[in-house]
*Asks:* 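If you scroll down you'll find the structure; I have some questions about it.
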Amino acid sequence: MVKLRLKRCGRKQRAIYRIVAIDVRSRREGKDLRKVGFYDSIKNQTYLNVPVFLYFLDRGAQPTGTVHNLLNKAGLFKEFPSNQMKFN
């Protein structure tokens, strides 16, 4: 199963997170399938590659709770009803 989740990058005390599509059995810093965006929590900036997100969501990838909140703020879930998504 594929999940859309955050992958920590950057240096100490200056974390930047990549949003990646990754196998659920992989660890946080493990090998990802595809980079699909990033989130800078310090500057509160988000970059999303929307066509790639929609590609993975159409094929059954499940976003984590944090990624779901980021996508919800971006207005990406207007096409997807919330009853189709499962969260762990």
Side-chain angles (χ1 to χ4, degrees):
M1 183 172 154
V2 175
K3 281 220 176 211
L4 298 170
R5 68 182 186 197
L6 297 177
K7 184 176 182 179
R8 190 180 194 280
C9 300
R11 59 181 192 208
K12 287 194 285 188
Q13 306 296 321
R14 300 284 299 169
I16 295 175
Y17 298 94
R18 285 187 183 151
I19 304 170
V20 296
I22 194 167
D23 187 30
V24 293
R25 295 170 287 180
S26 297
R27 59 185 194 175
R28 182 183 69 185
E29 293 87 12
K31 179 85 171 147
D32 51 37
L33 300 174
R34 179 104 188 245
K35 296 175 183 82
V36 292
F38 76 86
Y39 171 62
D40 187 354
S41 60
I42 296 169
K43 296 179 183 176
N44 202 14
Q45 291 179 331
T46 305
Y47 168 77
L48 304 173
N49 192 346
V50 177
V52 177
F53 264 110
L54 295 177
Y55 171 82
F56 280 108
L57 289 174
D58 283 340
R59 280 152 182 77
Q62 297 295 317
T64 59
T66 306
V67 173
H68 180 266
N69 290 339
L70 291 173
L71 297 177
N72 210 7
K73 285 181 186 177
L76 204 63
F77 283 131
K78 292 178 182 172
E79 302 93 25
F80 288 94
S82 61
N83 59 0
Q84 288 181 350
M85 302 289 166
K86 295 184 235 173
F87 303 106
N88 299 12

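Positions are given from 1 along the sequence. Bear in mind that the values here come from a model prediction, so they are computed numbers and not experimental data.
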*Asks:* Just jot down the salt bridge (charged side-chain N to carboxylate O under 4.0 Å, His left out) partners of R25, sequence neighbours excluded, or say none.
*Replies:* D23

*Asks:* Holding to side chain to side chain contact (heavy atoms under 4.5 Å, CB included), I want the full list of residues that pass it with N69, two or more places apart in sequence or in another chain.
*Replies:* none

*Asks:* So which heavy atom on P63 is nearest to which on H68, and how close?
*Replies:* CB-N, 4.2 Å

*Asks:* Which donor-acceptor pairs under 3.5 Å do the side chains of residues 31-51 make with protein atoms, sequence neighbours left out?
*Replies:*
from	atom 1	to	atom 2	distance (Å)
D32	OD2	K7	NZ	3.3
D40	OD1	I42	N	3.2

*Asks:* Hey, what do you get for CZ (R59) to CG (L57), rounding to the nearest 0.5 Å?
*Replies:* 10.5 Å

*Asks:* For V67 and R5, work out which heavy atoms get closest and say how close.
*Replies:* CG2-CA, 3.7 Å

*Asks:* Would you please test I19 and L6 for side chain to side chain contact (heavy atoms under 4.5 Å, CB included) and show each step?
*Replies:* CA-CA 5 Å; I19 304 170; L6 297 177; 3.7 Å; yes

*Asks:* Check whether L4 and I16 end up in the same hydrophobic cluster, where Ile, Leu, Val, Met, Phe, Trp and Tyr are linked by side-chain heavy atoms less than 4.5 Å apart.
*Replies:* no

